[in-house]
Participant: 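The structure's right below; bear with me while I get my questions together.
Order of the sequence lines fixes the chain letters, A, B, ..., with proteins taken first and strands second; residue numbering starts at 1 for each chain.
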4 protein chains.
Amino acid sequence: MAEAKPLRADARRNRARVLEAAEAVFAAKGTGASTEEVAKAAGVGIGTVFRHFSTKEALRQAVLVERMREFAEEAARWADAEDPGSAFFAFLDHWVEMGTAKYAYSEALAEAGAEVSWLGAEVGAQVRQALGALLGRAQDAGAVRGDVEVPELIAVLVGASYAVKHLDADTALRRRTVDLMFAGLRPSHG
Amino acid sequence: MAEAKPLRADARRNRARVLEAAEAVFAAKGTGASTEEVAKAAGVGIGTVFRHFSTKEALRQAVLVERMREFAEEAARWADAEDPGSAFFAFLDHWVEMGTAKYAYSEALAEAGAEVSWLGAEVGAQVRQALGALLGRAQDAGAVRGDVEVPELIAVLVGASYAVKHLDADTALRRRTVDLMFAGLRPSHG
Amino acid sequence: MAEAKPLRADARRNRARVLEAAEAVFAAKGTGASTEEVAKAAGVGIGTVFRHFSTKEALRQAVLVERMREFAEEAARWADAEDPGSAFFAFLDHWVEMGTAKYAYSEALAEAGAEVSWLGAEVGAQVRQALGALLGRAQDAGAVRGDVEVPELIAVLVGASYAVKHLDADTALRRRTVDLMFAGLRPSHG
Amino acid sequence: MAEAKPLRADARRNRARVLEAAEAVFAAKGTGASTEEVAKAAGVGIGTVFRHFSTKEALRQAVLVERMREFAEEAARWADAEDPGSAFFAFLDHWVEMGTAKYAYSEALAEAGAEVSWLGAEVGAQVRQALGALLGRAQDAGAVRGDVEVPELIAVLVGASYAVKHLDADTALRRRTVDLMFAGLRPSHG
DNA sequence: TATGAATGAGCGTTCATTCAT
DNA sequence: TATGAATGAACGCTCATTCAT
């Protein structure tokens, strides 16, 4: 439950810098970017990267976990909005927009949806729970079809994030696409 | 526009074998698979692969072009079905299901949607045209919202293919997800 | 039985050069020397080394196998000498002397004695058989104790080679040591 | 000659723990084991290891020195046995057996025999002296050939230890090998 | 003095690409 | 034209050593 090792202050700072750098580099060039490049972006030696993340795969996963943490936090932030229906759709929009900027969001969410073991029961559960709350209230308010459940909602979100990734230049088209993908969630559809 | 050189029969045959092998290998292991492996699968030397596709990237693109050709053909095949509405949705479903099996379909379509230059005006246009025909007839039949246009349709398709890629184990969930994503295309009965 | 792949002439030549270079480099600096260095010594790119020996360990083993092949050949060469007793001891001496120059001889023989699986049934058997022949004739001639068998003979040889490795500067001492180690093989005249 | 600085009690204790740990780790995994691992086994930080042994090589040598000290002590312990002949051979046997368990004994002794400079005049001399005493008394008692001297005795011991290292599974073979290697020391051999 | 985080050279290995056969 | 051996840059990762805490 508590952090395993209470790292020294400077070590924790470096860990964070590496994580941030990895997030940025992976976002810009994909996971294929070299670990060396991440190290350079973080301003540390390559040994430091591997001290904190024993494997490149471990680093990739840490980035994804971080993103899911942000996702859950963000979702929680919208949880007690006055109008649950608007809040729900606003959150979806917000999230998809972020995915345009930060490359691996859809990937992260996909793996969270799939309940990948390494994500850690904790974060995965937080994600599903926070999203479930938002969804439930929107359904109670009659803004979302009652038969929608969290797993397919996640999948739709994943798809939307991915679809939009290639559309960052054309704002209008992106708008139309996102609207179309989320329209099916609304009850008015037969 | 036309093929640069009229290849000798055996050369053309080899080119085709390599392309097929690449499709299979990339589908199974992703684009990261080595060119050597593709050569082996095709039963040719690695030199032959590079004779036909001067670069690995060129090979990857050729695979995508091939897929788009199939996409356009398939779409054309549904073009004169009796019930345009059913045909339209049946085609979408069919396509998404194929994407589950053949890895990079969504990727290919995404790049086709983006009108990437290398796709070649020809294939890109064929795709958009065939899909446009299907869409137009479905709209005329009142089965699809009238304000939907080809670009966002492609984007939705891309998103659906991607979303579903991680769901190949759970058929029911896949079904619900796809339905949800395409539901927005239908005219609201509000 | 026959060579698995009939390599092209140039490829076979390169394989041999790499093997030779590895023998020399490992002899001079131990197995810890870098593969890069072996490549340089062979005058080939590093990729070539790994094409022929897929692993550094594989290269090391190939060197040992090569040495055992030489050992067996050499032993066979002494097999039909006129005086079996002299031939036997002369061979032992000869071998130990070579071990002084070529670093990993004792290591190779030790693993042959241990019947390490990768040595290949073939070479290991050749070694034991050739040595057994020499030993048998020497025993028949009364020059070696009758109760000595091949396994312990190999062990003694291994020990002698190793002992002598550190004595290459002092010929006289080396002489006395080797004599002492092999003296026990002679029938006691008690 | 004497210890450079009279270390504080806890520092001396740490030095000893590191040395012991290194002995165990090197024995189990060879000198290739990482210094980090030694530190962990000793229960100290890696910085502490390097404070006491400025270099990994220095640590390795310290281990060897320690072993030679034990060798000399052990030899001295047998020095005034009643039957010098039995004592001599019993000591050799004992030592070789230990070498089976503790990996680098033969290596250590080899370097002692070679009078490597770093071993320190002191320990090297102790070793040669203690062994010389044992040998001398055995020769006086007629149990060992009179022309044998310490240097070749050390070499034989080194060879025997090494030979036996690969034979730890087969006790009977080990027995026969050792007997064979030491048999040459006895006077009955022509 | 002890700690362990940081460093970066170096290693084994892979793979796209070239070129002699 | 087809082959596959050769090449070497680049990668992930390890580890002896240094140094701030």
Participant: Is Arg15(B) close to Val18(B) at the side-chain level, that is, under 4.5 Å between some pair of heavy atoms?
Facilitator: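 When only atoms from C-beta onward are counted, Arg15(B) and Val18(B) do not touch, as no gap falls below 4.5 Å.
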Participant: What are the two closest heavy atoms between Phe53(C) and Ala62(C), and how far apart are they?
Facilitator: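 Smallest interatomic distance, heavy atoms only, reads CE2-CB, 3.5 Å.
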Participant: Round to a whole Å and report the spacing from CZ of Arg13(A) to C1' of dA6(E).
Facilitator: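 Interatomic distance, CZ of Arg13(A) to C1' of dA6(E): 13 Å.
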Participant: Is any side-chain nitrogen or oxygen of His52(D) closer than 4.0 Å to OP1 or OP2 of dT1(E)?
Facilitator: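 Indeed not, no polar side-chain atom of His52(D) lies that close.
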Participant: It should be established whether Asn14(D) places a side-chain nitrogen or oxygen under 4.0 Å from OP1 or OP2 of nucleotide dA2(E).
Facilitator: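 Yes, Asn14(D) has a side-chain N/O under 4.0 Å of OP1/OP2 on dA2(E).
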Participant: With heavy-atom distances below 4.5 Å as the criterion, would you say the side chains of Arg60(C) and Lys56(C) are in contact?
Facilitator: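 No, every pair of side-chain atoms sits at 4.5 Å or beyond.
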Participant: Would you kindly give the CZ-to-P distance between Arg17(A) and dA5(E), to the nearest whole Å?
Facilitator: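 So the CZ-P distance, Arg17(A) to dA5(E), works out to 16 Å.
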Participant: Could you check how far CG of Asp10(D) sits from C1' of dT3(E), rounded to whole Å?
Facilitator: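 So the CG-C1' distance, Asp10(D) to dT3(E), works out to 14 Å.
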Participant: Could you run down nucleotides 8-13 of chain F 5' to 3' and tag each one B, S or - for protein heavy-atom contact under 4.0 Å?
Facilitator: BB-SSB
Participant: Other residues, nucleotides and ligands only: do more than 12 of their heavy atoms fall within 6.0 Å of CD on Glu37(B)?
Facilitator: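 Above 12, so yes.
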Participant: Taking NZ from Lys40(C) and C1' from dT7(F), how many angstroms apart are they, rounded to a whole number?
Facilitator: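 That distance rounds to 14 Å.
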Participant: Would you mind checking if Glu66(B) and Arg69(B) are paired as a salt bridge, meaning a charged N to carboxylate O distance below 4.0 Å?
Facilitator: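 Salt bridge: yes.
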Participant: What is the distance, rounded to the nearest whole Å, between atom CZ of Arg12(B) and atom P of dA2(F)?
Facilitator: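 In whole Å, dA2(F) P and Arg12(B) CZ are 12 Å from each other.
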Participant: Check the distance between dT17(E)'s P and Leu59(B)'s CG and give it to me in whole angstrom.
Facilitator: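 Checked: the CG to P distance equals 10 Å.
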Participant: Taking pairing as Watson-Crick or G-U wobble with both contacts under 3.5 Å, can you name the mate of dA5(E), or confirm there isn't one?
Facilitator: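 dA5(E) is paired, partner dT18(F).
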Participant: Rounded to the Å, how far apart are Arg51(A) CZ and dA5(E) C1'?
Facilitator: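 To the nearest whole Å, that distance equals 5 Å.
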Participant: Compare every heavy atom of Leu59(C) with every heavy atom of Ala22(C), then report the nearest pair and how far apart it is.
Facilitator: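 Distance-wise, the nearest heavy atoms are CB-CD1, 3.8 Å.
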